[in-house]
Each structure stands twice: as C-alpha cells, then as structure tokens.
Amino acid sequence: MTSSYTIKTLIILLLATTFISCAEKKQKRVINFPKTDLTTKNLIPKPLKMVSTNGGFALDKFTAIYTTKDTADFEEIGLFLAEKIKAKTNLELPVNIDKIENIESIIYINKSKNAHLDGLEAYELNINQDSVIITSNTPQGAFRAIQTFRQLIPETSNDTLAENKIWTIATGQIIDKPQFEYRGAMLDVSRHFFSVKDVKKYIDLLAYYKYNTLHLHLSDDQGWRIEIKSWPKLTEIGGQTEVGGESGGFYTQEEYTDIVNYAASQYIMIVPEIDMPGHTNAASLSYPILNGNGKTLKPYEGMRVGFSTFDTRKDTVYTLIDDVVREIAALSPGPYFHIGGDESHATKKEDYIYFVNKVEKIVQKHGKIMIGWDEIASADVDSTSISQFWSSKENAQKAVQKNMKIIMSPAKKAYLDMKYDTQSKHGLNWAGLIPTDTAYIWTPESYEGVPLKNILGIEAPLWSETISNIEELEYLAFPRAIGYAELSWTTQENRDWENYKIRLAHQKPFLNRMKVNFYPSPLIDWKESEEPYEIIIKN
Ligand code: TNX
C-alpha cells in the first residue's frame, strides 16, 4: 500500500463520516432494496471479473461526485460522468464541491495504484451501499470505468416517489482490463465525406463501448479530405469530389484538430491514413506531376479500385509525402501514421517495394510508427511497423516472419461495410454477408494462423462507397461495432454468443436515446427498458 493510497483512503473515510453525520442530522432515511445481481447486468464489453454483493446503491439527487484533485484529468472525468448522468437521468450531481450538506452517497474517482491489476486501462469499480469507488492509476482506466458505470445506471428510475427518483445500482465489485491494447474502428471519409459533427457522434458511441482508436481514411481516388498548407490544391481540387458525384468536402487543419481533441477527451486516439501509392487519383489530379499510371487524369467518382498510382521514381512525390506526413503528424498526438499501401495494382512490384521502404523512413523521421494494409509486409519494412490484416493470409504470415505487430481486420469477419444479409439497404458483399452473429462469432486470437503474441488488436473498418450520411453510417456500424468492442476487450473465455445476444438486446434503449439508426437484426430479441426495482424508503 503506497502512502498516497493511505491518504486517499483517509479522505474517503473522512468524507464518509462527514456525510453520514450530515445525513444523521437531517434524519437518516433507510432504503430497502430487493436482492440485486451485478454479475447479470447487461455490460458490453463484458468485464474480466465481477462479484455481486446483492445490495443496492441509490443514485439520486443526494449523490455527489468527488475525484482525485491533484491531476486535472480526473476532475474532467468526474465532470464527464456528471454530464452523462444528467443526460440519462436529469440529475445534476455536484463534482468536487466542498459543501456536502444533503449528501447521502458519493461516487469517488480515485487515482491510485490498483490493488488487483495493472495496465494502462485497468480499473476497479467497487459499488457499496453508500459509495461507489472507482480506482485506476491512469485517466484512461478511470475513463473506461466510467463507461461501465454509465451502463449500470438503469434507463428508468423507481417512480414510487416523483419527488426523489432513485436509480438503483447493483452492488459488488468489478475488476477489469482490456485484452488488446488497440481497439479500433475505421471510417472512410474519402468515398463520402462525413462532417465533424458526424464524426463526433461516432466517437461518442465508440467511447461508450470502450474503443480507444478511430482510424480516419483521409484520402483515396475519390477525394482528399485534409487541408495541407504546403500543397493547397490537394483539397482545392482533390477535395471537391466523392462517390456518386456529390459535393465532397474536407477538414481544415483546425477542424481536424477539433476532432483529435474531442476524441482525446474520451481517450480515443485518431490514426490518420493517407492511402498511397495506389488510391491516389484525387492527389494526382491536384498535382499531375505525381501521377504514375501514364493515363490522362479525370476526377473520379466511381467505386472501382486499383487503377491509380504515384510515380514512385520521382523526387517530387517524396517531397510531397514528406510535407504531408510532417503537417499531419504535427496535428496528431498518437504514435501512428497509416500509409495505406493496399491494392496498388497499377504499381510495379519493385516500385511498390521501393516506395514503401522510402515512405517508412519518412514516417519514422516525423516521429511516428508506420501502419499499412497487409500488402506492406511484402516490402523490407521494420519489425516496428504495423501490418493491418484485411485479406491476405500470405501477407499476414510475412508480417509474422518479420516479427511485426498485426491489427486484425479480416474483411470476411470485421468489415462494417459488408451487408448483413441480402436485404440490407446499404453495403457491399464482395467479402460475403456479415450478419450480427458472424461478426461476433470468430476468434481473433487465433485467426488464420496469426499468433496471439503478434496481435496488437482489432479494428472494424467502415468503407463508405454505399453510405453518405450519419444514418446510413449507423445502420452499417450498429449493432456490429458493439460486438467488435467485446472481441477486442473481453478475453475469449468470457465471450459467448448466447450470453452476448441478451446483453446486446438491452442496448436498444441506449441506442434509441442516442438516436442511433441501428439495424434491428432479427437475430436479436430487442428489449425496451427494464422495469425499475421496487424499493421501499423509510424516512
Ligand atoms: C477494399 S480493404 C479496400 C477499399 C474498399 C473496400 C470496400 C482495403 C484495404 N481496400 O478500398 O473501400 O474494399 O469494402
């Protein structure tokens, strides 16, 4: 036990005695809860360990939130929780307010070395009769714990007393940490552009299910989506098109930074991707000197891939890439820069290898770790670079031989843009149909012979050829993205489709409240809000 742990324990005890004595002065009320069971709550992703103590914690207007104050992060997490509690229950809970008259229970977000677990995102949640104690050594862990707590708050209160509504939280202990350190979703903002507002909503939903990464596919044949100050035509020309001839669009550097900061406030990192040397029609249209396929350039608003390439033997190409990586890297605090590298069918093999080798050095020069689609493993890449497995088992094996880490995104299982079934309103089917159960029932830990030790995590890509607004995005992403959250957080022994299916069914009230246009998969017996607990209050 560290000394800071002891001090914090004392603070808690002090708070506890103070609020109990306040409560005594104003006549302590007694609440009789029915028997609860924390272990059967509909949490996604399912936590590592749960113990039920069968009692109740009353979340109501007499609850206050306290946090460790020596670091601003924890206080912000407390404010985030207060905001989410307000949105769900309309309760306005004070955060770190000294005056604690009328307080009967506390939620304490405590920065401390966890007694049971370590790891960047590990946390412990202890729910007692009068206190909820969240413990983590990091703000990441505390933030993930808050998501668990949000999910434990019932959608409806007991309505026996309209004056003092109580949301009963089952008591017990949760000890939790993720299986994989990289838990991502990818959004293609190139084939169709999505506004900052849409991206923020997606971030809110991903954060609720403990994702920690959003990869943005910022360039492709159909559009270049991020302002590059040193090469302005990339957006002035390359940003004006999208699939189907609609209007295109791009993020200014300020808007991109706004997305990065918004994501960071929910402990989500943005991984920027500039796809090259193929998928570069929009870039070459903006600066024709980059073009390497020898054909006349035209704006491209179709869906076919594999026809474009940079001229890998021109210095100007690398000058541009150096500037692009430099400008984007400076705006992206995360460790990664994604260079695409997929489906470069118009690039000769030796040119492709030459290109990837050179670009890897540029990415490293700007202080980032390179990620690329699985094809990059055919170049002489470093073991520190990361391969994203989407289709080729052979490429995945090459990455393993090079001792690279791999992000698992196999198209047949993890592509959010595949149709659910033949009736699906949006989506493609080249990798097969992916109904909600197929998306969940696979084992990333041992998929296609990739050893667990090489797996950095899982990412679910959402390509946007067939979707152009947030409703369509939500239709393809939900509910499947919820399953990928569990696959990447929860260990294999704690996963089970029959059990998951029930927990998923109970996500409907949340998805409705968030106005998510999810696909109501017929495989799921979707549930409305549960009946609130019958509780008896004696004053
Ligand atoms: C393949 S996956 C692609 C994308 C398409 C997607 C459509 C990958 C690395 N390349 O360019 O948008 O299929 O599902």
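No experiment lies behind these values; they were computed from the predicted model shown. All values below were derived from every heavy atom in this structure, side-chain atoms included, with hydrogens, water molecules and symmetry-related copies excluded. Counting starts at 1 for both ligands and their atoms, following the listed order.
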Compile the donor-acceptor pairs under 3.5 Å between side chains in residues 426-439 and protein atoms, sequence neighbours left out, one pair per line.
unit_1, atom_1, unit_2, atom_2, d
T436, OG1, S521, OG, 3.4

Handout entry: Donor + acceptor pair across side chains of W373, D275 (<3.5 Å)
Key = no
Problem - Short side-chain donor-acceptor distance under 3.5 Å, N212 and Q140 - result: no
Sub-3.5 Å pairs, protein N or O with ligand 1 N or O:
unit_1, atom_1, unit_2, atom_2, d
ligand 1, 10 (N), D342, OD2, 2.9
ligand 1, 10 (N), E343, OE1, 3.1
ligand 1, 11 (O), R191, NH2, 2.9
ligand 1, 11 (O), E343, OE1, 3.3
ligand 1, 12 (O), R191, NH1, 2.7
ligand 1, 12 (O), E465, OE1, 3.4
ligand 1, 12 (O), E465, OE2, 2.5
ligand 1, 14 (O), D417, OD2, 2.5
ligand 1, 14 (O), W430, NE1, 2.7

Exercise for the section: Ignoring hydrogens and angles, state whether a donor on the side chain of W231 or D323 is under 3.5 Å from an acceptor on the partner side chain. Expected result: yes
Practice task
Go through the side-chain N and O atoms of H217 and E273 and say whether any donor and acceptor fall under 3.5 Å apart.
Solution key: yes
Problem - Y209 and Q507: side chain donor to acceptor below 3.5 Å - result: yes
